[in-house]
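Right, one structure below, let's go through it.
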4 protein chains.
Amino acid sequence: MTGTEIGNTGPEPAAGGTRAARGRPRSAAADRAIVEAVLRLMERGVGVDALSMEGIAREAGVGKATVYRRWPGKDVLLLDVMRTLDEPPAEVRGESVRDDLVEFLERLRQRGLAKRNSALLRAMVSHFHSHPWLWREYHDTVIRARRELLHSVLRRGMARGEIRADLDVELLGELFVGPMLSRAMLREGAELPEGLAERIVDCVLEGARPRE
Amino acid sequence: MTGTEIGNTGPEPAAGGTRAARGRPRSAAADRAIVEAVLRLMERGVGVDALSMEGIAREAGVGKATVYRRWPGKDVLLLDVMRTLDEPPAEVRGESVRDDLVEFLERLRQRGLAKRNSALLRAMVSHFHSHPWLWREYHDTVIRARRELLHSVLRRGMARGEIRADLDVELLGELFVGPMLSRAMLREGAELPEGLAERIVDCVLEGARPRE
Amino acid sequence: MTGTEIGNTGPEPAAGGTRAARGRPRSAAADRAIVEAVLRLMERGVGVDALSMEGIAREAGVGKATVYRRWPGKDVLLLDVMRTLDEPPAEVRGESVRDDLVEFLERLRQRGLAKRNSALLRAMVSHFHSHPWLWREYHDTVIRARRELLHSVLRRGMARGEIRADLDVELLGELFVGPMLSRAMLREGAELPEGLAERIVDCVLEGARPRE
Amino acid sequence: MTGTEIGNTGPEPAAGGTRAARGRPRSAAADRAIVEAVLRLMERGVGVDALSMEGIAREAGVGKATVYRRWPGKDVLLLDVMRTLDEPPAEVRGESVRDDLVEFLERLRQRGLAKRNSALLRAMVSHFHSHPWLWREYHDTVIRARRELLHSVLRRGMARGEIRADLDVELLGELFVGPMLSRAMLREGAELPEGLAERIVDCVLEGARPRE
DNA sequence: GGCTAATCGAGACGGTACGTCGCGTCTTGCC
DNA sequence: GGCAAGACGCGACGTACCGTCTCGATTAGCC
């Protein structure tokens, strides 16, 4: 697993890298069948931790070896499934930084942290600590783009004077995103409520201390 | 699993609840041996998901049945181990609300999200969605007390005029805690850096928008 | 387990033998409850090898220790159950040795090798080799009396000239009994057919070689 | 378990019977390793009822699943071990029927009822009643051939006039075999004594009643 | 009437084996 | 060489019994 560019989605390429392909080429159909099997199982309510490589292969109508040939383990397979679901973040350029931030968080609420995605995320969280490269992969291919978009919004705000220029952009970004993430991961079945994005943005912008 | 009071730490009581105990009573030594076996294994670097009920029983010098008699599964056992590690939140009453908040977060950084605790937490996150009662137990016995302490600090601040009275206390609490939690759960090996508490508090208090 | 006299039926006496009884005496009700539990379970079709000390105690409404206090294991308990079912062999004294032998075998067919008894016997057969004292117990309390009755019949026949006097009584006894036993133990569900006793007796008496 | 022909020795074939084999074929080495493990354990004095599938797999250096894939349980495995030990009965054609019978029984004494075989047999006896197919398998693959050999000997004797023609061949066969079987199964450690075959044969042939 | 002591039902104890499932690898024949 | 199938050694799962032990509560005989 080497890809670091955004959008590097898909199963492990065949051994040998760019060496001329020999023998029968990998079946693209199998690639698809596997990822779709995962999604189908999850949709059927199978629960991320009840997923087994064995069950996935069975559901996909594929040999186990065919799965292992592409992904070294469940974690990485799930990571790729997340990438499949992922869509690159759309530009946001509203009338004000506040509007941009609200739109950004709102999109996070609806897409990124929707049921399927958050289940996958929660399932992988336990491995990030012990498998740093897994986190790095996740960061590089799913998080980075959004993060940079957020940072650019914030920097634009600073430039325009809508946001204090003395703040650490990275920390500030986490102030907006953290509350949503922690809710999505910890809280039981709760969907993130409508209006949450707005309330967070306003609160962080205005501050908790009264302005005289 | 019925306890809702803070500090209700310990293994599942024998069926029948308060009914007069019959038969040989559960061995308190076994209770301890099991929990300590888990801690010992984790200290030895065994990784939360590499823990097995089988291995725990072996390490504790205890029959598997003795573990299952007390806890229905690994999740719940780990929850109780967390409770064991937990210590009730100390009062904070500094000179200002800001000081209180910083101290609160700083303590969270050092204790609650220290290595062992955060590993346990991350391991359980994936089950909270599908096992709501597990979350509720965790919330009731670990989170609630700190949460209420935080809320009381915030309310005191509102009363004193140090914090805007028009804000939702719950949301505001999450603005402080969320960034720390999300870092602790997502980021790879990173310890939470010193000074993080202060920076978060100041930023949320002052707001991201410039004060003229 | 010391008793060698016929009819020594019942559970192991309390340790200490004839020493003056001290403490609470063994409950005769428990003795009965246990043996009856075994019979009840077998009648319910539980299959001798599916019997467990645990299940027997449960069925008898008795603590496991109460069973083990009386019998050292399942084998010996079953042996005692067999003794319970056993009834001392009735005298046979018909008009001829042939009649006596037929009656003897017929009684064996109907009682001794009836369903319950043969199931118990088959269950114990596998232990006789490795636990010689178990065989000896069984022999002394169940077999010996019948065996001696049979031998006395045969000897009477020899005295009367109805049976060759040059034969080994013991071997001859086995010629009569063996075919029935081996059928009862080996053959699947088959009840021993009516008339079997007569046919065996006549055949062994007359011999397989034609008499000119 | 379908084989009914004599000599159908070996583990359960893969499901699907004669359907074209798919996937990795069963390892013949594992087949052997398992059966040999059983024999080795028994030779080591492990006692048929102390055998466990777990221990067998361990001794064979094989996964438990590999055993269960071939045999549904200990009984059936032991049955196949018996088949392994079995050797087809050799023709007997001595100068007289008496010689043939003596040779037949003598061979039974030495081979079939030798230590290992009779331990296995005794262990299975308890299951024959409740698992009729087990008996049928045993009968079809181990007993039948010898039985038919014995019957042919007897019929030859009848044809030659050495044996009464008015007797039931089957019953007569049991008169010869039963005494030996019952001794082998019931009697404690006793080896079957030399000369037993001759004594049984002569006695059954001549009859117990004096010939004038 | 109190004391001593063995027994009672109940059920926990450390173990071992059960039969199943999933792991990640290996081995077929076919494509 | 990829592919579906499926066996391989391994090890954990959660359950059932094993035979022993520890509870509080009986239930006797003896002082």
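Quick caveat: nothing in here was measured; it's all calculated off a predicted structure. Protein chains get the first letters and strands the later ones, always in sequence-line order, with residue 1 at the start of each.
- Residues in residues 30-39 of chain A take part in these salt bridge (charged side-chain N to carboxylate O under 4.0 Å, His left out) pairs, two or more places apart or across chains: A:D31-A:R70.
- With sequence neighbours left out, the side-chain contact (heavy atoms from CB on, under 4.5 Å) criterion links D:A60 to D:A33, D:I34, D:A37, D:V62.
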Which atoms of nucleotides 27-31 of chain E (N or O only) lie under 3.5 Å from a protein N or O atom, and what are those distances?
{"from": "E:dT27", "atom 1": "O4'", "to": "D:R24", "atom 2": "NE", "distance (Å)": "3.4"}

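- Rounded to an integer number of Å, the gap from CG of A:L77 to C1' of E:dG24 is 14 Å.
- Both A:Y68 and C:G63 lie close to DNA chain E; mapped to their nearest nucleotides by heavy-atom distance, the more 5′-ward contact belongs to C:G63.
- Note: CG (B:D75) to C1' (F:dC13) measures 14 Å, nearest angstrom.
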Pairs under 3.5 angstrom only: tabulate donor-acceptor contacts from the side chains of residues 48-55 of chain B to other protein residues two or more places apart or in another chain.
{"from": "B:S52", "atom 1": "OG", "to": "B:G55", "atom 2": "N", "distance (Å)": "2.9"}
{"from": "B:E54", "atom 1": "OE1", "to": "B:K64", "atom 2": "NZ", "distance (Å)": "3.4"}

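- Between D:S27 and F:dA7, a side-chain N or O to OP1/OP2 separation shorter than 4.0 Å is absent.
- The phosphate of E:dA12 (OP1 or OP2) has no side-chain N or O of B:T66 nearer than 4.0 angstrom.
- Near-neighbour residues of DNA chain F inside residues 46-62 of chain B, defined by a heavy atom below 4.0 Å, number-ordered: B:S52, B:M53, B:E54, B:R58.
- Taking D:R24 as the reference, nothing meets the side chain to side chain donor-acceptor pair (under 3.5 Å) condition, with sequence neighbours excluded.
- Among all heavy-atom pairs drawn from A:M124 and A:D75, the shortest one is SD-O, 3.7 Å.
- Under the side-chain contact (heavy atoms from CB on, under 4.5 Å) criterion, B:R69 pairs with B:R26, B:A65, B:T66, sequence neighbours left out.
- Here A:R58 pairs with nothing under the side chain to side chain donor-acceptor pair (under 3.5 Å) rule; sequence neighbours left out.
- D:V76 and D:W133 get closest at one heavy-atom pair: CG2-CH2, 3.3 Å.
- Here the C1' atom of nucleotide F:dA7 and the CD1 atom of D:I34 are 12 Å apart, to the nearest Å.
- Put simply, the side chain of D:K64 and the base of E:dG19 share a donor and an acceptor less than 3.5 Å apart.
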